[in-house]
Amino acid sequence: MAIQVYNTLTRTKQTFVPKEPQQVGIYVCGVTPYSETHLGHARPSVIWDVIKRYLRRWNYQVLHVQNFTDVDDKIIAKAQERGVDALELSAYYSQDYLESMDALGIERADVYPRVSEEMDVIIDMIETLVEQGHAYEAEGSVFFAVASFSEYGRLSNQRLEELQSGTRFEVDPNKRSAMDFALWKAAKPDEPSWDSPFGPGRPGWHIECSAMARKYLGENFDFHGGGTDLIFPHHENEIAQSKGATGSPGARYWLHSGMLNLKEEKMSKSTGHFLTIKEALQHYPKELLRFYVLSAHYRSELEFHDEKLDEVRRGWQRLNQFVRELRSSVGEELPVPCPLSGAEQQLKEDIAEHRRRFDDAMCDDFNTALAIAVLFDLMKVVRSYMEQAAASAENRYAQSLALQSFTELGSDVLGVVQWHDTESEAPKDGYMDAAMRLILDVRQRLRQEKNFELADQIRSELQDAGIVLEDTPDGTRWKVE
RNA sequence: GGCGGCAUAGCCAAGUGGUAAGGCGGAGCUCUGCAAAAGCUCUAUUCCCCAGUUCGAAUCUGGGUGCCGCCUCCA
């Protein structure tokens with residue numbers, strides 16, 4: 001079996017063949033840090049996190065590079081508005097980004113190059129482009145000459161003439177053609193600038209990704225990722241720059257994730273229409289947010305609504321509750337492997353079958369929605385086994401195989417199954433616990449005396465206070481809503 | 001105007017030629033003093049519409065309708 005990925009560049013699903021055996025180079029476009037990290041950023045992050053984890057299951061060694069575009073018009077504008085240093089501002093929001101990602105359980109990239117620290121390779125690439133005849137200087141700025149690159153428009157499937165006719169913004173008079181884009185912007189007063197052979201200034205938006213990806217991943221590396229909103233012009237321009245300078249478009253597989261909309265409108269920093277990751281995490285556990293993001297294919301659009309989250313929450317809880325039960329049934333100590341027969345052997349085969357289906361799903365362009373469905377199917381199979389199985393060494397070993405699968409697939413790969421019982425982390429302090437124990441004891445006595453009226457009243461009034469009681473055969477559980 | 005995508009049950013959502021996964025919700029049942037929780041069972045003769053190709057279409061082709069994204073900073 002091989003991994004198939006949908007490549008925007010070819011607009012087909014292709015078999016993934018790494019440049020180097022068992023090694024994968026990934027460049028994912030990061031953020032321009034000038035505002036809080038929002039849920040829109042969570043989508044590609046979660047997806048690439050899962051892709052990385054999955055590739056490792058195939059024993060690939062992953063090198064993941066993700067940039068911070070910390071020199072940019074928006075950053076400078078906001079810094080001036082607030083009267084702070086532009087780099088300090090971007091450092092602050094870069095940190096916010098990293099913290100948000102950590103909080104979502106996303107593994108960090110191996111390298112986080114920043115424009116401000118990579119001027120040499122950026123300038124180097126601009127010089128090469130000028131030498132190759134793909135770029136020209138004008139009044140201290142350098143522009144990429146789109147006309148010099150015949151393949152321009154291939155990624156976004158646009159023809160140059162059409163693009164030009166659609167141009168609505170004010171064109172820099174120094175440009176030879178309206179579609180040309182800046183590689184180097186001449187310094188303006190009161191703006192941060194760096195020295196270069198073209199004079200003081202700063203890089204344009206797209207060049208940093210081409211230069212930094214090349215520096216850390218080389219030419220012709222494996223994956224380049226980002227949201228669909230980056231296809232044009234960002235990635236189109238990156239390809240033009242990379243191919244113009246090196247002959248290689250940079251990456252061989254271009255993967256784009258769909259937008260995450262908030263109440264039917266795309267989240268966007270510039271419009272202020274967004275929900276930050278930190279805000280969302282106050283209401284929803286990270287595993288639930290990941291579950292939600294992964295419940296749709298990464299290329300499709302996804303709506304974010306509080307109600308939608310609440311809708312999927314129940315199913316997610318059932319899955320987690322089941323894994324908790326399985327974990328406690330298996331116990332702390334890992335059972336010793338032993339030969340299986342009968343129902344245990346059947347379960348072992350069922351597990352293997354579901355693992356195959358999980359891999360089939362993930363290998364088909366990382367179909368996480370299908371992969372999650374496989375986990376639900378497996379849950380059902382394991383549960384029906386557990387209901388009829390008698391305790392034995394074989395039984396415990398068979399269950400541990402099931403648990404191992406949920407751990408590997410649900411936690412290690414997808415990160416949707418919780419490791420710990422978060423209910424125990426609910427606000428239950430010592431005093432509260434003692435008080436509740438007393439109340440439950442009294443109520444239990446009432447129930448034994450068949451004074452159900454009063455017992456139910458206690459439950460009902462606690463419920464109004466936000467404390468839910470559940471009478472089970474093993475006693476009464478309580479939790480804070 | 002150009003480019004691209006999407007349309008599957010009340011909702012979310014897989015499924016690219018072989019007769020509709022999964023989740024939520026809903027209904028019934030089991031358990032329970034009751035409730036909750038949990039479990040079990042059921043829940044689309046049909047995939048936006050119309051034509052066509054085919055033994056066979058949600059899947060392919062043509063036409064139509066609707067929604068969305070990009071074309072300007074964006075993940």
Side-chain angles (χ1 to χ4, degrees), chain A residues 8 11 13 28-32 34-35 37-48 66 69 72-75 77 97 153 156-159 161-170 179 205 225-234 236 256-261 264-271 274 291-292 295-297 299-303 305 307-319 321-322 325 357 361 364 367-377 379-380 383-384 386-387 447-448 450-453 455-456 459-460 463 468-473 476-477 479:
Chain A
T8 307
R11 277 179 284 280
K13 258 188 215 172
V28 182
C29 276
V31 293
T32 301
Y34 71 90
S35 172
T37 313
H38 63 69
L39 274 175
H41 301 124
R43 176 106 113 135
S45 307
V46 168
I47 287 153
W48 281 100
Q66 186 164 343
T69 299
D72 168 89
D73 291 359
K74 288 267 162 74
I75 297 172
Y97 179 86
S156 55
N157 199 27
Q158 316 245 23
R159 283 177 309 160
E161 313 84 81
E162 305 294 353
L163 283 170
Q164 281 172 326
S165 70
T167 304
R168 273 176 283 160
F169 51 94
E170 199 183 330
M179 284 314 295
W205 176 30
T228 53
D229 54 349
L230 294 180
I231 293 172
F232 190 91
H234 186 54
E236 189 73 70
H256 291 98
S257 46
M259 293 295 108
L260 182 75
N261 298 334
E264 285 155 20
E265 191 187 317
K266 180 186 158 187
M267 281 194 211
S268 175
K269 283 187 288 200
S270 54
T271 57
F274 61 80
F291 183 89
Y292 186 66
S295 69
H297 186 89
R299 277 193 286 117
S300 60
E301 249 175 50
L302 186 59
E303 282 302 320
H305 268 233
E307 309 90 80
K308 294 261 166 70
L309 253 288
D310 293 334
E311 267 173 39
V312 302
R313 180 175 226 146
R314 178 77 61 139
W316 170 82
Q317 271 173 335
R318 268 182 59 228
L319 182 64
Q321 180 60 32
F322 172 72
E325 279 165 26
R357 285 176 54 205
D364 185 11
N367 191 337
T368 53
L370 191 52
I372 286 174
V374 172
L375 291 185
F376 275 96
D377 285 342
M379 174 168 85
K380 192 166 182 173
R383 176 136 52 203
S384 92
M386 283 167 79
E387 267 164 22
R447 291 176 69 206
Q448 277 160 2
K450 310 267 183 219
N451 189 345
F452 295 121
E453 196 184 335
D456 288 351
R459 182 173 62 197
S460 156
Q463 170 117 43
V468 179
L469 299 193
E470 289 170 10
D471 296 321
T472 75
T476 302
R477 279 203 306 251
K479 63 181 181 190

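Side chains included, hydrogens not; waters and symmetry mates left out as well; all remaining heavy atoms used. Numbers restart at 1 for each chain; the letters A, B, ... are given by sequence-line order, proteins then strands.
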* **Atom P, compared across A13(B) and G23(B): separation rounded to whole Å** => 16 Å
* Pick the C1' atom in C50(B) and in A7(B), then give their distance to the nearest Å. => 16 Å
* Any N/O donor-acceptor pair, Lys74(A) side-chain to C73(B) base, under 3.5 Å -> yes
* Asked: When the P atoms of A21(B) and C42(B) are considered, how many whole Å apart are they?
  -> 12 Å
* Structure fact -> Ranking C12(B), A75(B), A38(B) by distance to the side chain of Leu230(A), first place goes to A75(B)
* With respect to the side chain of Glu387(A), which nucleotide from G23(B), G39(B), G4(B) is positioned closest? -> G39(B)
* Taking only the side-chain heavy atoms of Glu311(A) (C-beta and beyond), determine which of C11(B), A14(B), C40(B) contains the nearest atom. => C11(B)
* So how far is it from Leu260(A) CG to Glu303(A) CD, rounded to the nearest 0.5 Å? -> 8.0 Å
* Could you state the CD1-P distance from Ile231(A) to C70(B), rounded to the nearest angstrom? -> 11 Å
* Indicate whether OP1 or OP2 belonging to G22(B) is found under 4.0 Å from a side-chain N or O atom of Arg357(A). => no
* Structure fact -> Here the distance between atom C1' of G39(B) and atom CZ of Phe322(A), to the nearest Å, is 12 Å
* Rounded to the nearest angstrom, tell me the gap between atom CD in Glu301(A) and atom C1' in G69(B). => 6 Å
* Quantified in whole Å, what is the P atom distance between nucleotide G4(B) and nucleotide G64(B)? -> 16 Å
* In whole angstrom, give the distance that lies between atom CH2 of Trp316(A) and atom C1' of G22(B). => 18 Å
* To do: Figure out the CG/P separation between Asn367(A) and A21(B), and round it to whole Å.
  => 15 Å
* Report the nucleotide, chosen from A38(B), A75(B), A13(B), that has the shortest atom-to-atom distance to any side-chain atom of Cys29(A). => A75(B)
* Whole-Å distance between A13(B) P and Asp364(A) CG? -> 18 Å
* For U16(B), the Watson-Crick or wobble counterpart (both distances under 3.5 Å) -> none
* Asked: Is a donor-acceptor pair below 3.5 Å formed from side chain Asp471(A) to base C34(B), judging by atom type as modelled?
  -> yes
* Which base sits across from G52(B) as a Watson-Crick or G-U pair, both distances under 3.5 Å? -> C60(B)
* For Gly225(A), which contact category applies under a 4.0 Å heavy-atom criterion: base, sugar-phosphate, or nothing? -> nothing
* **Whether Ser45(A) side chain and His41(A) backbone form a donor-acceptor pair below 3.5 Å** => yes
* According to the Watson-Crick and G-U wobble definitions, with both distances under 3.5 Å, which nucleotide is paired to C3(B)? -> G69(B)
* Asked: Could you go step by step and tell me if Thr476(A) and Arg459(A) meet the side-chain contact (heavy atoms from CB on, under 4.5 Å) rule?
  -> CA-CA 11 Å; Thr476(A) 302; Arg459(A) 182 173 62 197; over 6 Å; no
* To do: For A38(B), give its Watson-Crick or G-U wobble partner with both distances under 3.5 Å, or none.
  => U30(B)
* Asked: What is the distance, rounded to the nearest whole Å, between atom CG of Leu319(A) and atom P of G23(B)?
  -> 11 Å
* Determine the Euclidean distance between corresponding P atoms of A14(B) and A75(B); express it in Å to zero decimal places. => 24 Å
* To do: Return the nearest nucleotide to the side chain of Arg318(A); candidates are A75(B), C71(B), G23(B).
  => G23(B)
* Sugar-phosphate, base or nothing in reach of Leu469(A), heavy atoms under 4.0 Å -> base
* Structure fact -> As its Watson-Crick or G-U partner within any shown strand, both distances under 3.5 Å, A75(B) has none
* Quick one: label Gln463(A) by what it contacts on the DNA or RNA (base, sugar-phosphate, nothing), any heavy atom closer than 4.0 Å. => nothing
* Choose from C71(B), A75(B), G69(B) the nucleotide whose nearest atom is closest to any side-chain atom of Phe232(A). => C71(B)
* When rounded to the nearest Å, what value does the distance between C1' atoms of A36(B) and U30(B) take? -> 15 Å
* Asked: For Ser300(A) and A14(B), is the shortest distance between a side-chain N/O and OP1 or OP2 below 4.0 Å?
  -> yes
* Would you indicate, yes or no, if G23(B) has its OP1 or OP2 atom less than 4.0 angstrom from a side-chain nitrogen or oxygen of Lys380(A)? => no
* Asked: According to a strict under-4.0 Å criterion, is Asn261(A) in side-chain N/O contact with OP1 or OP2 of C68(B)?
  -> no
* Find the partner of G25(B): check Watson-Crick (N1-N3 plus N6-O4 or O6-N4) and G-U wobble (N1-O2, O6-N3) distances, both under 3.5 Å, and reply none if neither fits. => U43(B)
* Asked: Does Arg159(A) place a side-chain N or O at less than 4.0 Å from the phosphate oxygens OP1/OP2 of C3(B)?
  -> no
* **Atom P, compared across G62(B) and G5(B): separation rounded to whole Å** => 13 Å
* Of the listed nucleotides C70(B), A75(B), C11(B), the one nearest the side chain of Leu260(A) -> A75(B)
* What nucleic acid atoms does Asp456(A) come within less than 4.0 Å of, heavy atoms only: base, sugar-phosphate, or nothing? -> base
* Taking only side-chain nitrogens and oxygens of Arg447(A), does any of them come within less than 4.0 Å of OP1 or OP2 of U32(B)? -> no
* **Gap in Å between the two C1' atoms, one belonging to C60(B) and one to U16(B), rounded** => 9 Å
* To do: Would you mind classifying the nucleic acid contact of His297(A) as base, sugar-phosphate or nothing, using non-hydrogen atoms under 4.0 angstrom?
  => sugar-phosphate
* Structure fact -> From CZ of Arg299(A) across to P of C6(B) the rounded distance in Å is 8 Å
* **Glu470(A) side-chain proximity, nearest of A37(B), A14(B), A38(B)** => A37(B)
* Asked: Ignoring hydrogens and angles, are the base of C34(B) and the side chain of Arg459(A) linked by a donor-acceptor pair under 3.5 Å?
  -> yes
* Asked: Under 4.0 Å between a side-chain N/O of Arg477(A) and OP1 or OP2 of A36(B), yes or no?
  -> no
* Among Asp229(A), Thr8(A), Thr228(A), whose side-chain hydrogen bond (donor to acceptor under 3.5 Å, both in side chains) with His256(A) holds? -> Thr8(A)
* To do: Answer yes or no: is there a donor N or O on one side and an acceptor on the other, between the side chain of Thr37(A) and the main chain of Tyr97(A), under 3.5 Å?
  => yes
* To do: Examine distances only and state if a side-chain atom of His38(A) and a backbone atom of Gly40(A) form a donor-acceptor pair shorter than 3.5 Å.
  => yes
* With distance as the sole test, does Arg159(A) use its side chain to make a donor-acceptor pair with the main-chain N or O of Gly153(A) at under 3.5 Å? -> no
* Mind checking Ser257(A) for me? I need base, sugar-phosphate or nothing, with any heavy atom below 4.0 Å counting as a touch. => nothing
* To do: Find the distance between OG (Ser257(A)) and NE2 (His297(A)) and round it off to the nearest 0.5 Å.
  => 10.0 Å
* Asked: Mind checking who A9(B) pairs with, Watson-Crick or G-U wobble, both distances under 3.5 Å?
  -> none
* Base, sugar-phosphate alone, or nothing: which one does Phe452(A) contact when heavy atoms must sit under 4.0 Å apart? -> base
* Which one, C3(B), A75(B), C34(B), comes nearest to the side chain of Gln158(A)? -> C3(B)
* Minimum side-chain heavy-atom gap Ile47(A)-Arg43(A) below 4.5 Å -> yes
* Can you list the steps and then say if Asp377(A) with Lys380(A) is a salt bridge (Lys or Arg N to Asp or Glu O under 4.0 Å)? -> CA-CA 5 Å; Asp377(A) 285 342; Lys380(A) 192 166 182 173; over 6 Å; no
